[in-house]
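Before any comments, here is the structure.
Remember, predicted model here, so these are calculated numbers, not experimental data. For the numbers below, each heavy atom of this structure counts, side chains included, while hydrogens, waters and symmetry mates do not.
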Amino acid sequence: MQPYQLEDPPIVPTTIGRLMELRCMVAVVRHGDRTPKQKMKMDLQHAKFLAMFQKFGGTFDAESREIKLKKPSQLQEVLDVVRDLLINHRSESVVKEKRAKLIQLKSVLEMYGHFSGINRKVQIKYQMPEPTTAEDSTSVDSGIPSGHLVLIMKWGGELTPLGKYQSEQLGQMFRCMYPGSGEVSAQKGHGLLRLHSTFRHDLKIYASDEGRVQTTAAAFAKGLLALEGELTPILVQMVKSANTNGLLDSDLDARDFEKSVKKRLKVLLKQDRTFTGEDFSALNPSESIAINNAMNAAENPVASCEEMHQCIKDLNIAIREKAATPGTDLPTLYTGESWELLQRRWGKLEKDFRVRDLDFDITKLPDIYDCIRFDMHHNHWISRLPFAKRLFVLARNMSDIVVPLEYGISANEKLSIAEGIASPLLRKIRADLNQVVNYTEDVENVNRLHPRFSSNPGTQNNHLVRSRLYFTSESHIHSLVNILRFGGLFTNDDPQWIRARDYLSSVPELNFLTQIVIMLYEDTSTDPESDERFHVELHFSPGMEDKRVPGDRDPSSASSSRRGSAQTALQDDVDALALESLKTAGQKLFLPRQMSVTHLFDENTDSSATINYPKTKRDRFLTKVKETGVITNRVFSTAVITGQVTPSSEASVGDPDDESACFRVPNVRPLETLHNALSFRQLDTFLQNVLDGNCKTASTLSEKNKSPNDGVPSVASCHFAESWELPEARTSDDIVTVPDDAPEEGISVVDKVSSARVR
């Protein structure tokens, strides 16, 4: 087979077995594996904080939106104010009352000894007082507002070395979607690199303003484009911050709706009894298979929470005893976390989870699951404790109930919240696809070489490949999946969608590196005005595969009989991969027999660098194919839509020499095809209906299963933002650079490269 040439049309295989020209690839990806997120909340009314709030743009009125402080200079000012209050104003009553919280805030700000990267942020918003009189909200004499400030300190949630490695590997796998992926070579995906070296590959990478999301995008770009060096320069050069106009960050339009849903959810989960048929109908009117499985496993929500709280107490005792044992070498905690921070993390959860006897704060359930999953995967001594294993099972069951329901209980609630969160992103995706199909002027590429003025306009225009990558967090992923499930994109009698819908319903968790991919192809042999001219395929991956623990339920009812030697072989290869890396570094390992070591890393390696693990047989499987002809694109699995019993996670873990198996990243589930018979017109009409607030609840729900609240109006119909427009490009190519004279307030990348010592 002759290698892909620059003048060749971008013809690739599709999952329907036909060769077509690739015109556009749009992917929405959740960030990679991270450390647990932590936060603290406190009310403030001291004059120094009020002055600082005003300085950074806050106002004392009902329209005031919260301010976010992330820059080193801003965090340093917060730290200076806290230190001043604790030293010079400690006798004041308001400081005495908040002393414990202020000390905790000071400790978090002083962590690491410097403000580096994006690993901490402070959010402050003004809370209006309860309306009691018709007086103005500020005191006439002093001018001090009668309301108070709410300060939320967030830290943690940093991308781990495993997250960086898997993100880079995922980028390498995405190369195989492009022309030249079927050729025989030691390095697969060179066709994309050749294409990218011309103006025929239009690539843009967007990320939200969270550090873990931006680092994931940078590691992915490094793997996709075979870049060298550290992640920080790649982040600055290749990743666009998408915090403008709320493309990947804002959920303000859905917050009120989310709060009301959480209040109802809290009431429904307060029943100290085994779940009844009425409970199943009230909590799961959409009949999600995963939620049904989780409710059956949890049985009694209050009893599960009670047992979880006891397990947390036992874990805290074990941590304190291990830390206080004299004459023993304490094991090094993952990512350099100190034992003091470990005790504080679990101690805070123990204190905050139980409000009073048999009354628990269910909003803490995702945090508990977040922490125990991290420790079970990465701090191997905790994974050997029996109560830690039990806590993992209980927390996973409850989290699989609470997390998806926080985005709506009924189908209409899910759609309303999803539209409020994801509408700016959907509007942008629709514009991406339309600019390819209709050859409209692209506002993103005003300084690129226009096809009309190239030496061969027809060829350039027809052979342009557009790639748009959007990296975001869990809320946008849940929103997009809910829109696909309940928005009415497909009819109820579509056989492919019936299988895909059941598959989505059985996915318990949208884990790290969850991917939603839209592939747009053009069949140049058909009539240009025909609906068959442009072919759309929809693909989905639930992301990382968590390891199983004794007593844990299987995440999919369909997979209970098929998880076996293939999965074990894959895990062994990943473990060997990390062990080889550590062996090279000269480290000694003392690990339990069944402990995964994919998380371990060389402590001498810079934390911002992607770990360059040696290739294993499974990794080479991603990048080498036998020369037996190309029929389908092996990046995508078709196990679901073809009606195979084996789900995607097991169907794709086979012998690397098996030509029928699809590519995958170690411990990340492959892309499963949800539908491969979509026309562009069908998808475009659906997106337009969603953006207009006219999407219909999927007809798969019968009237008896609908919640009484299904009649609520869509948030999106009231709060949609204006049409999303991209800022004008600053350079003549795809690389975004920072002008030397740009103001600090307008450049988010300053936070990524700055490292200010804590004074």
Stepwise side-chain hydrogen bond (donor to acceptor under 3.5 Å, both in side chains) check, Gln515 with Arg30: CA-CA 7 Å; Gln515 309 138 55; Arg30 189 187 174 191; over 6 Å; no

Pair Tyr206-Phe471, ring-ring contact (aromatic ring centres under 6.0 Å, His included): steps then yes or no: CA-CA 6 Å; Tyr206 298 90; Phe471 291 85; over 10 Å; no

Test log, rule side chain to side chain contact (heavy atoms under 4.5 Å, CB included), inputs Lys98 and Leu85: CA-CA 10 Å; Lys98 303 292 182 182; Leu85 292 179; over 6 Å; no

Worked verdict on Leu151 versus Leu105 for side chain to side chain contact (heavy atoms under 4.5 Å, CB included): CA-CA 10 Å; Leu151 182 145; Leu105 178 60; 4.2 Å; yes

Intermediate values then yes/no, salt bridge (charged side-chain N to carboxylate O under 4.0 Å, His left out), Arg344 and Glu340: CA-CA 6 Å; Arg344 184 183 300 169; Glu340 178 186 359; 3.1 Å; yes

side-chain hydrogen bond (donor to acceptor under 3.5 Å, both in side chains) evaluation trace for Lys154 with Gln38: CA-CA 6 Å; Lys154 296 183 178 181; Gln38 300 181 71; over 6 Å; no

Worked verdict on Asp432 versus Arg430 for side chain to side chain contact (heavy atoms under 4.5 Å, CB included): CA-CA 5 Å; Asp432 293 335; Arg430 182 170 182 261; over 6 Å; no

Verdict with supporting geometry, Lys70 and Asp209, salt bridge (charged side-chain N to carboxylate O under 4.0 Å, His left out): CA-CA 10 Å; Lys70 294 186 292 184; Asp209 64 352; 3.0 Å; yes

Intermediate values then yes/no, side chain to side chain contact (heavy atoms under 4.5 Å, CB included), Val78 and Met52: CA-CA 8 Å; Val78 176; Met52 184 177 64; 3.8 Å; yes

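In this structure, Glu258 does not pair ionically with Lys262, as no charged nitrogen and carboxylate oxygen lie closer than 4.0 Å. Comment: Glu228 does not engage Lys222 in a salt bridge, judged by the lack of any side-chain N to carboxylate O separation of less than 4.0 angstrom. Remark: Glu110 engages Lys106 in a salt bridge, criterion side-chain N to carboxylate O under 4.0 Å. Lys37 and Asp370 are not joined by a salt bridge, as no carboxylate oxygen comes within less than 4.0 angstrom of a charged side-chain nitrogen.
By the 4.5 Å heavy-atom criterion applied to side chains, Ile312 and Ile368 are counted as neighbours. Under the 4.5 Å side-chain criterion, counting only non-hydrogen atoms from C-beta, Ile477 is not in contact with Val29. Looking only at side-chain heavy atoms (C-beta outward), Asn88 and Arg83 stay at 4.5 Å or farther from each other. Looking only at side-chain heavy atoms (C-beta outward), Val28 and Thr514 stay at 4.5 Å or farther from each other. In this structure, the side chains of Gln74 and Lys68 stay at 4.5 Å or more apart for every pair of heavy atoms. In this structure, Ile67 and Lys125 have side chains that are not in contact, with every pair of non-hydrogen atoms separated by 4.5 Å or more. A 4.5 Å side-chain heavy-atom check between Leu247 and Thr472 finds every atom pair outside the cut-off. Here the side chains of Glu77 and Phe56 are in contact, with some heavy-atom distance below 4.5 Å.
Test Arg373, Arg212, His378 against Asp33 for side chain to side chain donor-acceptor pair (under 3.5 Å) and you get one pass: His378. Here the rule is side chain to side chain donor-acceptor pair (under 3.5 Å) with Ser467, and of Lys204, His196, His201 only His201 fits it.
Remark: Lys39 fails to qualify as a cation-pi partner of Trp155 under the 6.0 Å distance and 45° angle criteria applied to the six-membered ring.
Not a single donor-acceptor pair under 3.5 Å links the side chain of Glu158 to the backbone N or O of Arg34. Under a 3.5 Å cut-off, the side chain of Lys101 and the backbone N or O of Lys41 do form a donor-acceptor pair. In this structure, Gln123 contributes its side chain and Met153 its backbone to no donor-acceptor pair below 3.5 Å. Distance alone, capped at 3.5 Å, is enough to place a donor-acceptor pair between the Asn316 side chain and the Trp346 backbone. Side chain of Thr160 to main chain of Thr35: no donor-acceptor pair is present (N/O by atom type, distance under 3.5 Å, no hydrogens or angles). Without hydrogens or angle criteria, Ser423 side chain to Gly420 main chain gives no donor-acceptor distance under 3.5 Å.
Interatomic distance, Glu509 CD to Met544 CE, rounded to the nearest 0.5 Å: 9.5 Å. Separating the OG atom in Ser338 from the CG atom in Leu333 is a distance of 7.5 Å, to the nearest 0.5 Å. Atom CD of residue Gln76 and atom CG of residue Leu109 lie 9.0 Å apart, to the nearest 0.5 angstrom. Rounding to the nearest 0.5 angstrom, the gap separating the CD atom in Gln169 from the CG atom in Leu513 is 11.5 Å. Atom CG of residue Leu44 and atom NZ of residue Lys48 lie 13.5 Å apart, to the nearest 0.5 angstrom. Here the CG atom belonging to Leu149 is positioned 8.5 Å from the CZ atom belonging to Phe49, to the nearest 0.5 angstrom.
Within 6.0 Å of CZ on Arg90 lie no more than 12 heavy atoms contributed by other residues, nucleotides or ligands.
Proximity of the aromatic rings of Trp381 and Trp339 is defined here by a centroid distance below 6.0 angstrom, and this criterion is met.
Across every non-hydrogen atom of Lys428 and Tyr470, the tightest pair is NZ-OH, 2.8 Å. In terms of heavy-atom proximity, Ser91 sits nearest to Lys96 at O-CE, 3.4 Å. Here the closest heavy-atom approach between residue Ile205 and residue Ala221 is recorded as CD1-CB, 3.6 Å. Of all heavy-atom pairs between His478 and Pro404, the closest is CE1-CA, 4.2 Å. Taking both residues in full, the closest heavy atoms of Ser167 and Gly32 are given as OG-CA, 4.4 Å, listed atom of the first, atom of the second, then distance. Heavy-atom minimum distance, Phe174 versus Val517: CZ-CG2, 4.0 Å.
Residues His31 and Glu474 bring no donor and acceptor atom of their side chains to less than 3.5 Å of each other. Checking Tyr126 against Gln54 by side-chain atom types alone, no donor-acceptor pair falls below 3.5 Å.
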